[in-house]
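Chain letters run A, B, ... following the sequence lines, proteins first and then strands; every chain starts at 1. The figures that follow rest on heavy atoms only: side chains count, while hydrogens, waters and symmetry mates do not.
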Protein chains: 2
Amino acid sequence: MRELLRTKGYKMTPQRELIFRAFLEAGEHVSVEDLYQRVREIDSSIGYSTVWRSLKLICTVGLAKEVNLGDGVTRYERITLQPHGHLYCLQCKTLTEFEMANIVSLLEPIARTYRFQVEGLKCEIHGLCEECRKRNQNTDSTGLTH
Amino acid sequence: MRELLRTKGYKMTPQRELIFRAFLEAGEHVSVEDLYQRVREIDSSIGYSTVWRSLKLICTVGLAKEVNLGDGVTRYERITLQPHGHLYCLQCKTLTEFEMANIVSLLEPIARTYRFQVEGLKCEIHGLCEECRKRNQNTDSTGLTH
DNA sequence: GGCCAAATGAAATCGAATTTCACTTTCAAT
DNA sequence: ATTGAAAGTGAAATTCGATTTCATTTGGCC
Ligand SMILES: [Mn+2]
Ligand SMILES: [Mn+2]
Ligand SMILES: [Zn+2]
Ligand SMILES: [Zn+2]
């Protein structure tokens, strides 16, 4: 880790040490606020900006990437070997991943057709998860809250 | 149009008349700001909030939907019969659409597997369009600007 | 015409993201 | 070990699109 940073010209600091570890230990898809809370349980002197900057840095060195679901909060997740898509529950905000190798093999030819240099592929299914649907049956019948 | 609004309990107003028309005449993927500029060329007394609310309303009555690409600006586009994905150029922000019926037929079984109630499917290819790549060859060799 | 809920526009507010800035720390070269 | 330039830090300020507030106006129905 220290090496990875040094080779790219960044310095290691106690804050980064802690934040990086916390990020790797955290579950998938953490927001800055999520990680900030986790981190400050261990060292409450660490600032929000440092957490934010560290997450950006983790992306820069290629260990993570941003996940934007359009709900106003940027999440971060480790880069995975296999590309995956997301099932995103609009009600409980839960994310579930699914394998998308087969979809990637459909997307790549499309990019080629348009002579597009691919930097990232995104596939999402937005809707209601099973738990939320069940929960909704016992209350309102509309589904989403507005 | 007037009918569509009335049946859903909304009133028609000169502002809506103008904004709706401008939206339908505008190209694909307009932001509030885009449409606001277009509209105020015709009637400069129309407020930004009214344009914003009208776009939301157009979505509510089912004629359009929001498109969020994670660049901080919400765009709006007419609902199309055929589902389509987007090629999004990170440099010039241009959007190109592609047919994704075949991808939808892969996504639907996935949703079913997870007993997920689908509200929307999203497929995006982020990267550099042909024009931007060409343009970049004549200047820097890195690609994206930071 | 008159009512009144809905709509409007300007301004205020919200909130996540990002930047600023004065101060501190890292680390490579002494 | 010392040290100084460059990089990092934390608190606060700023940004900026999205959204709400509120006083006033208007559309649709009697
Ligand atoms: Mn994921
Ligand atoms: Mn489109
Ligand atoms: Zn859910
Ligand atoms: Zn481009």
In this structure, how many angstroms lie between the [atom2] atom of [N] and the [atom1] atom of [X], rounded?
{"X": "A:Leu35", "N": "C:dA16", "atom1": "CG", "atom2": "C1'", "value": "16 Å"}
{"X": "B:Ile58", "N": "C:dA7", "atom1": "CD1", "atom2": "P", "value": "14 Å"}
{"X": "B:Trp52", "N": "C:dC14", "atom1": "CH2", "atom2": "P", "value": "15 Å"}
{"X": "B:Arg75", "N": "D:dA18", "atom1": "CZ", "atom2": "C1'", "value": "15 Å"}
{"X": "A:Asp71", "N": "D:dT19", "atom1": "CG", "atom2": "P", "value": "12 Å"}
{"X": "B:Arg16", "N": "C:dT8", "atom1": "CZ", "atom2": "C1'", "value": "9 Å"}
{"X": "B:Phe20", "N": "C:dT8", "atom1": "CZ", "atom2": "C1'", "value": "14 Å"}
{"X": "A:Leu18", "N": "D:dG10", "atom1": "CG", "atom2": "C1'", "value": "15 Å"}

- request: Tell me, with the steps shown, if B:His29 and B:His86 meet ring-ring contact (aromatic ring centres under 6.0 Å, His included).
  value: CA-CA 11 Å; B:His29 318 116; B:His86 291 125; 4.8 Å; yes
- request: Identify whether any heavy atom of B:Ser45 sits under 4.0 Å from a base atom; if not, whether one sits that close to sugar-phosphate; answer base, sugar-phosphate or nothing.
  value: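 It contacts sugar-phosphate atoms only.
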- request: Would you confirm whether B:Ser44, through its side chain, and B:Arg40, through its main-chain N or O, come within 3.5 Å as a donor-acceptor pair?
  value: no
message: Main chain of A:Arg16, side chain of A:Thr13: is a donor-acceptor contact present, judged purely on distance under 3.5 Å?
response: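 Yes, because the side chain of A:Thr13 sits within donor-acceptor range (under 3.5 Å) of the backbone of A:Arg16.
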Would you indicate, yes or no, if [N] has its OP1 or OP2 atom less than 4.0 angstrom from a side-chain nitrogen or oxygen of [X]?
{"X": "A:Lys56", "N": "C:dA17", "value": "no"}
{"X": "B:Gln15", "N": "D:dG27", "value": "no"}
{"X": "A:Ser49", "N": "D:dG10", "value": "no"}
{"X": "B:Arg53", "N": "D:dT20", "value": "no"}

query: Taking side chain as C-beta onward, heavy atoms only, is B:Glu99 less than 4.5 Å from B:His84?
result: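 A side-chain contact under 4.5 Å is absent here.
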Any luck finding a side-chain donor-acceptor pair between [X] and [Y] under 3.5 Å?
{"X": "B:Glu41", "Y": "B:Gln37", "result": "no"}
{"X": "B:Arg6", "Y": "B:Tyr10", "result": "no"}
{"X": "B:Asp34", "Y": "B:Ser31", "result": "yes"}

query: Does NZ in A:Lys134 sit with more than 12 non-hydrogen atoms of other residues, nucleotides or ligands closer than 6.0 Å?
result: no
Under 3.5 Å between N/O atoms: give me all the protein pairs with nucleotides 15-17 of chain D, atom names plus distance.
from   : atom 1 : to      : atom 2 : distance (Å)
D:dG17 : O3'    : B:Gly72 : O      : 3.4

Using a cut-off of under 3.5 Å, enumerate the N/O to N/O pairs linking the protein to nucleotides 28-30 of chain D.
from   : atom 1 : to      : atom 2 : distance (Å)
D:dG28 : OP1    : B:Arg2  : NH2    : 3.2
D:dG28 : OP1    : B:Met12 : N      : 3.3
D:dG28 : OP2    : B:Arg2  : NH2    : 3.0

- request: Could you walk me through whether A:Gln15 and A:Glu17 pass side chain to side chain donor-acceptor pair (under 3.5 Å), step by step?
  value: CA-CA 5 Å; A:Gln15 291 91 338; A:Glu17 181 100 44; over 6 Å; no
